[in-house]
Participant: 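I'd like to ask some things about the structure below.
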Amino acid sequence: MTPPGKSVKAAKPPRIEKAPEAERRRAMRVYKKLEERYPDAHCALDHRNAFELLAATILSAQCTDARVNKVTPALFAAYPDPESMSRAKVADLEDLVRTTGFFRNKAKSLQGMAIGIVENFDGEVPRTMEQLLTLPGVARKTANVVLGNAFGINHGMVVDTHIGRISHRFGFTQADPKNAVRIERDLMALFPQKRWTQLAHLMIAHGRAVCKATGAKCSTDAICRQYCSNAKKN
């Protein structure tokens with residue numbers, strides 16, 4: 001819902017100049033190969049609605065999705081919506097999310113996020129980047145996850161460690177793998193907007209299975225041998 005007196009426009013991505021056509025064609029060849037390899041690639045965080053995805057994504061910082069998925073069933077059983085979570089005791093939230101790491105900060109962010117949704121958005125998770133960024137614990141990556149997976153809005157590209165690493169190895173960007181802002185812009189310039197959410201899932205799947213930070217299997221993988229610079233080093 002929209003806060004009283006405010007209008008909501010459709011979320012628009014930042015203005016991005018398209019990459020040269022030859023580079024975009026190459027990028028889509030990679031996309032199609034990844035799509036064939038990982039036809040079931042999807043968001044790994046278990047959720048039933050936008051609120052659960054938002055909370056799970058906040059918990060996923062510096063934590064594996066598998067660990068988050070072990071924690072969230074009890075969390076959502078106790079606090080199934082923003083209203084109930086906004087009234088939770090921070091100490092109780094801490095106990096529920098303790099094993100995700102940085103649990104004190106995460107508990108505060110969860111409660112702050114829930115309070116923000118209740119007080120400013122009539123209890124509904126907002127559907128724009130600008131509004132999501134007003135919530136505690138929500139940065140651009142988290143907002144992109146929610147917009148793309150909960151609402152089908154391709155506002156931007158999620159960039160995590162897997163995507164940063166693969167983007168560099170596959171020649172999608174010359175930016176440092178840790179420069180998420182630059183990598184996001186480079187990927188948005190290469191790939192059609194309608195592909196952005198699924199591209200993130202495909203790259204993460206490949207990063208976990210093959211193109212790893214350590215113990216990579218690039219030299220023996222057909223996709224990596226054709227496109228990945230790391231395959232030539234091993």
Participant: Restricting to non-hydrogen atoms, name the atom on Arg169 and the atom on Cys211 that form the minimum distance, rounded to 0.1 Å.
Facilitator: NH1-SG, 3.3 Å
Participant: Between Lys32 and Glu36, does any NZ, NE, NH1 or NH2 come within less than 4.0 Å of an OD or OE carboxylate oxygen?
Facilitator: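 No salt bridge links Glu36 with Lys32.
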Participant: To the nearest 0.5 Å, how far apart are CE in Met85 and CZ in Phe51?
Facilitator: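 CZ of Phe51 is found 3.5 Å from CE of Met85.
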Participant: Take Arg37 and Lys33, measure what side-chain contact (heavy atoms from CB on, under 4.5 Å) needs, and give me the verdict at the end.
Facilitator: CA-CA 6 Å; Arg37 173 78 63 84; Lys33 287 183 179 294; over 6 Å; no
Participant: With a 4.5 Å cut-off on side-chain heavy atoms, are Leu135 and Thr142 touching?
Facilitator: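 In short, these two side chains do not touch, never coming nearer than 4.5 Å.
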Participant: By ring-ring contact (aromatic ring centres under 6.0 Å, His included), which residues pair with Phe103, not counting sequence neighbours?
Facilitator: none
Participant: Please report the C-alpha distance between Arg67 and Lys70 in whole Å, then the side-chain angles of each, then the deciding distance to 0.1 Å, and finally whether the side-chain contact (heavy atoms from CB on, under 4.5 Å) criterion is met.
Facilitator: CA-CA 5 Å; Arg67 169 52 56 185; Lys70 291 181 179 179; 4.0 Å; yes
Participant: Any sub-3.5 Å donor-acceptor pair from Arg225's side-chain atoms to Thr220's backbone N or O?
Facilitator: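 Judged by distance alone, yes, a pair lies under 3.5 Å.
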Participant: Indicate yes or no for a side-chain donor-acceptor contact from Glu23 to the backbone of Lys18 under 3.5 Å, with no hydrogens or angles considered.
Facilitator: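 The answer is no, because no donor-acceptor pair under 3.5 Å joins these two groups.
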Participant: Linking I/L/V/M/F/W/Y whenever their side-chain heavy atoms sit closer than 4.5 Å, directly or via other members, would Met157 and Met28 fall into one cluster?
Facilitator: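 Linked, Met157 and Met28 end up in one cluster.
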Participant: Can you tell me how far OH of Tyr79 sits from CG of Leu110, rounded to the nearest 0.5 angstrom?
Facilitator: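 Leu110 CG to Tyr79 OH: 10.5 Å, rounded to 0.5 Å.
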Participant: Do Leu59 and Val90 share a hydrophobic cluster, counting only Ile, Leu, Val, Met, Phe, Trp and Tyr and linking them when any side-chain heavy atoms are less than 4.5 Å apart?
Facilitator: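 Leu59 does not cluster with Val90.
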Participant: Can you name the nearest heavy-atom pair linking Leu54 to Val138, along with the distance?
Facilitator: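 Closest heavy-atom pair between Leu54 and Val138: CD1-CG2, 3.7 Å.
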Participant: Would Tyr227 and Tyr38 show up in the same hydrophobic cluster when neighbours are defined by side-chain heavy atoms closer than 4.5 Å?
Facilitator: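 Shared cluster, yes.
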Participant: Between Ile183 and Gly164, what is the shortest heavy-atom contact and its length?
Facilitator: CD1-CA, 3.8 Å
Participant: If you measure from CG on Asn179 to CG on Asp186, what distance do you get to the nearest 0.5 Å?
Facilitator: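 Answer for the CG-CG pair, Asn179 versus Asp186, is 8.5 Å.
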Participant: Enter the distance from Glu52:CD to Asp81:CG here, rounded to the nearest 0.5 Å.
Facilitator: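 Interatomic distance, Glu52 CD to Asp81 CG, rounded to 0.5 Å: 10.0 Å.
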Participant: To the nearest 0.5 Å, how far apart are CD in Gln193 and CG in Leu199?
Facilitator: 13.0 Å
Participant: Run the salt bridge (charged side-chain N to carboxylate O under 4.0 Å, His left out) test on Arg87 and Glu83 for me, step by step, so that the C-alpha distance in whole Å, both residues' side-chain angles and the decisive distance to 0.1 Å come before the verdict.
Facilitator: CA-CA 7 Å; Arg87 293 184 275 101; Glu83 176 65 33; 3.0 Å; yes
Participant: Under 4.5 Å between any side-chain heavy atoms of Ile223 and Val210, yes or no?
Facilitator: no
Participant: Using every non-hydrogen atom in the two residues, find where Leu133 and Ala139 come nearest and quote the distance to one decimal.
Facilitator: CD2-C, 3.5 Å
Participant: Show the nearest heavy-atom pair for residues Ala41 and Ala205, with the distance to one decimal.
Facilitator: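 Heavy atoms of Ala41 and Ala205 come nearest at CB-CB, 4.5 Å.
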Participant: Group every Ile, Leu, Val, Met, Phe, Trp and Tyr by side-chain heavy-atom contacts under 4.5 Å, then state whether Phe151 and Leu45 land in the same group.
Facilitator: yes
Participant: Does a side-chain heavy-atom distance below 4.5 Å link Asn149 with His201?
Facilitator: yes
Participant: Test side-chain contact (heavy atoms from CB on, under 4.5 Å) on His155 and Arg140; report intermediate values, then the result.
Facilitator: CA-CA 10 Å; His155 179 87; Arg140 185 174 178 86; 3.7 Å; yes
Participant: With a 4.5 Å limit on heavy-atom distance, are the side chains of Met203 and Ser167 in contact?
Facilitator: yes
Participant: Does the Lys106 side chain pair with the main chain of Val97, one donor and one acceptor, at a distance under 3.5 Å?
Facilitator: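 Answer holds: no.
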Participant: Do any N or O atoms from the side chain of Gln111 and from the backbone of Ala88 form a donor-acceptor pair under 3.5 angstrom?
Facilitator: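 Yes; at least one donor-acceptor contact below 3.5 Å.
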Participant: For residues Asn69 and Ala44, report the shortest heavy-atom separation together with the two atoms involved.
Facilitator: ND2-O, 2.9 Å
Participant: Indicate yes or no: at least one non-hydrogen side-chain atom of Asp160 is less than 4.5 angstrom from one of Ser60.
Facilitator: no
Participant: Name the orientation class of the two ring planes belonging to Phe191 and Tyr31 (parallel below 30°, tilted from 30 to 60°, perpendicular beyond 60°).
Facilitator: tilted
Participant: Go through the side-chain N and O atoms of Thr197 and Asn154 and say whether any donor and acceptor fall under 3.5 Å apart.
Facilitator: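 The criterion, which ignores hydrogens and geometry beyond distance, is satisfied for Asn154 and Thr197.
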Participant: Are the side chain of Asp122 and the backbone N or O of Glu124 linked by a donor-acceptor pair below 3.5 Å?
Facilitator: no
Participant: Rounded to the nearest 0.5 Å, what separates atom CE in Met129 from atom CG in Leu147?
Facilitator: 5.5 Å
Participant: Determine, stepwise, if the pair Asp221 / His206 fulfils side-chain contact (heavy atoms from CB on, under 4.5 Å).
Facilitator: CA-CA 10 Å; Asp221 182 78; His206 193 62; 3.5 Å; yes
Participant: Grouping I, L, V, M, F, W and Y whenever their side-chain heavy atoms are under 4.5 Å apart, do Val181 and Trp196 come out in a common cluster?
Facilitator: no
